[in-house]
Asks: 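Handing you this structure, nothing more for now.
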Protein chains: 2
Amino acid sequence: MKKLPFSRNDARELLRRNGINPTHQRIEIAHALYSRCEHMSADQVMAIVNERHPETSKATVYNTLNLFAEKKLVREVVIDPSKLFYDPNMSDHHHLFDVTTGQITDIDAANISVAGLPALPDGMIAEGVDIVVRVRPQAA
Amino acid sequence: MKKLPFSRNDARELLRRNGINPTHQRIEIAHALYSRCEHMSADQVMAIVNERHPETSKATVYNTLNLFAEKKLVREVVIDPSKLFYDPNMSDHHHLFDVTTGQITDIDAANISVAGLPALPDGMIAEGVDIVVRVRPQAA
DNA sequence: CCGGGGTCTGGACGCTGTCTAACTCGCCAC
DNA sequence: GTGGCGAGTTAGACAGCGTCCAGACCCCGG
């Protein structure tokens, strides 16, 4: 993944445009996500932010990521409620999660189709829903 | 899910047949899994076992579930390496995991097809692989 | 200069799973 | 019956991830 030209000023603008008060921490976090365009876990984000801003607390990183997700700046990819990733790519796609390596790969929504999913107990699989296909490659 | 007629003696036999030393704890755990034929997490199993055998330790439950999985008495359903379920149903099927409720539903392998999965970096999606489709029903 | 609201911080907590050292128990030889 | 060995079990420490809270902090308006 190439590092996109995404400056801290770009980050500041992005936040402002979305009605988010652009604090130092938030700018660093937005920059971390958008300059590398990858799925990242909260602690990956924290590690990157800490290189510049060593005193950024865990709570701030989590709060900020939640805030970004609410404001639709990033997508929250839920492997499990206790295992979240954040994806700056907002285009229509799903995710492939490899359990053994922990890697997440994008799947273009146009390229995948799933037939035979049962209706969910209390809701439909509606448009815009995120589907994570979790696979476990055959053990050797 | 109806409670199957699966006695503790059945459990003892099952263990013996599979070369597992049938201790009290193991019998209780096997009974918990097989009498309700559901996907269960380790702590659900522990809660059930503790009703009868209050002094069963966490380590034993985890050890036993791993042992059963190795011996192919149950299937280990890996939502994430830190979030496992155990499934006494060994037939060929996949799983649907509802992130918001935590519920797991079976999907018969014959009824589902997934087109467009990319090849995995270091392995193919081979026969017998467990696929968990994780969905998030649309928020209200 | 002061007050206040939004933000940040560190730490406690809960949940899930792993590991280890010590204990217990069952079984076998004698 | 006695002794001892090893499999099984136990409690508790530990690690990873996320949440929550009380208090400190900063910056703006008045």
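Quick note on labels: first sequence line is chain A, next is B, and so on, each numbered from 1. It should be emphasised that the depicted structure is a prediction, and the values quoted were computed from it without experimental measurement. All values below come from the heavy atoms of this structure, side chains included, with hydrogens, waters and symmetry mates left out.
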Asks: Looking only at heavy atoms, which two atoms of A:V74 and A:L65 are closest? And how far apart?
Replies: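 Minimum heavy-atom separation between A:V74 and A:L65: CG2-O, 4.4 Å.
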Asks: Atom NZ of B:K83 to atom C1' of C:dG17: distance rounded to whole Å?
Replies: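 It is 11 Å, rounded to the nearest whole Å.
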Asks: Grab the two heavy atoms, one from A:I27 and one from A:P22, that are nearest each other, plus how far apart they are.
Replies: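 That closest heavy-atom pairing would be CD1-O, 3.8 Å.
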Asks: Regarding B:D10 and B:S7, is there a side-chain donor-to-acceptor distance under 3.5 Å anywhere?
Replies: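 Checked: B:D10/B:S7 side chains pair up, N/O donor to acceptor below 3.5 Å.
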Asks: Among C:dT7, C:dG17, D:dT9, which is the nearest nucleotide to the side chain of B:Q25?
Replies: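 Side chain of B:Q25 sits closest to D:dT9.
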Asks: Could you state the atom-to-atom distance from CD of A:E76 to C1' of D:dT19 in whole Å?
Replies: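 Atom-to-atom, A:E76 to D:dT19, this comes out as 13 Å.
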Asks: So, does B:N63 get its side chain near the phosphate of D:dG8, meaning an N or O under 4.0 Å from OP1 or OP2?
Replies: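 It does not, given that no N or O in the side chain of B:N63 lies less than 4.0 Å from OP1 or OP2 of D:dG8.
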Asks: Need one value for B:T60: base, sugar-phosphate or nothing, where a base atom within 4.0 Å counts as base even if backbone is also close, heavy atoms only.
Replies: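 Result for B:T60 = base.
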Asks: What is the distance from CD1 of B:I79 to C1' of C:dG17, rounded to the nearest Å?
Replies: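 These atoms are roughly 15 Å apart.
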Asks: Check this for me: does the side-chain of B:K58 come within 3.5 Å of the base of D:dG12 through a donor and an acceptor?
Replies: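 Donor-acceptor pair under 3.5 Å: no.
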Asks: Heavy atoms only, 4.0 Å cut-off, all strands: where does B:S41 land among base, sugar-phosphate and nothing?
Replies: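 Result for B:S41 = nothing.
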Asks: For B:D43 and C:dT18, what is the distance between atoms CG and C1' respectively, to the nearest whole Å?
Replies: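 Taking CG of B:D43 and C1' of C:dT18, I get 16 Å after rounding.
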Asks: Tell me the interatomic distance from A:E28, atom CD, to C:dC8, atom C1', rounded to whole angstroms.
Replies: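 After rounding, the reported distance stands at 15 Å.
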Asks: Can you check the B:R26 CZ to D:dT10 C1' distance for me, whole Å?
Replies: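 Value for this atom pair: 14 Å.
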Asks: Closest approach to the side chain of A:S57, judged atom by atom: which nucleotide of C:dT9, D:dT10, D:dT9 is it?
Replies: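 Looking only at side-chain atoms, A:S57 lies closest to C:dT9.
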Asks: Without decimals, in angstroms, what is the distance between B:H53 NE2 and D:dG8 C1'?
Replies: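 Rounded to the whole Å, the gap is 13 Å.
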Asks: Whole angstrom is fine here: how far is it from OH in B:Y62 over to P in D:dA13?
Replies: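 These atoms are roughly 17 Å apart.
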Asks: Side-chain N or O of B:S82 versus OP1/OP2 of C:dT16: is the shortest distance under 4.0 Å?
Replies: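 No.
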Asks: Would you say the side-chain atoms of A:N89 pair up with the backbone N or O of A:S91, donor to acceptor, closer than 3.5 Å?
Replies: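 Judged by distance alone, yes, a pair lies under 3.5 Å.
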Asks: Say you draw a straight line from NZ of A:K71 to CG of A:N18; how long is it, rounded to the nearest 0.5 Å?
Replies: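 The CG atom of A:N18 is 8.0 Å from NZ of A:K71, to the nearest 0.5 Å.
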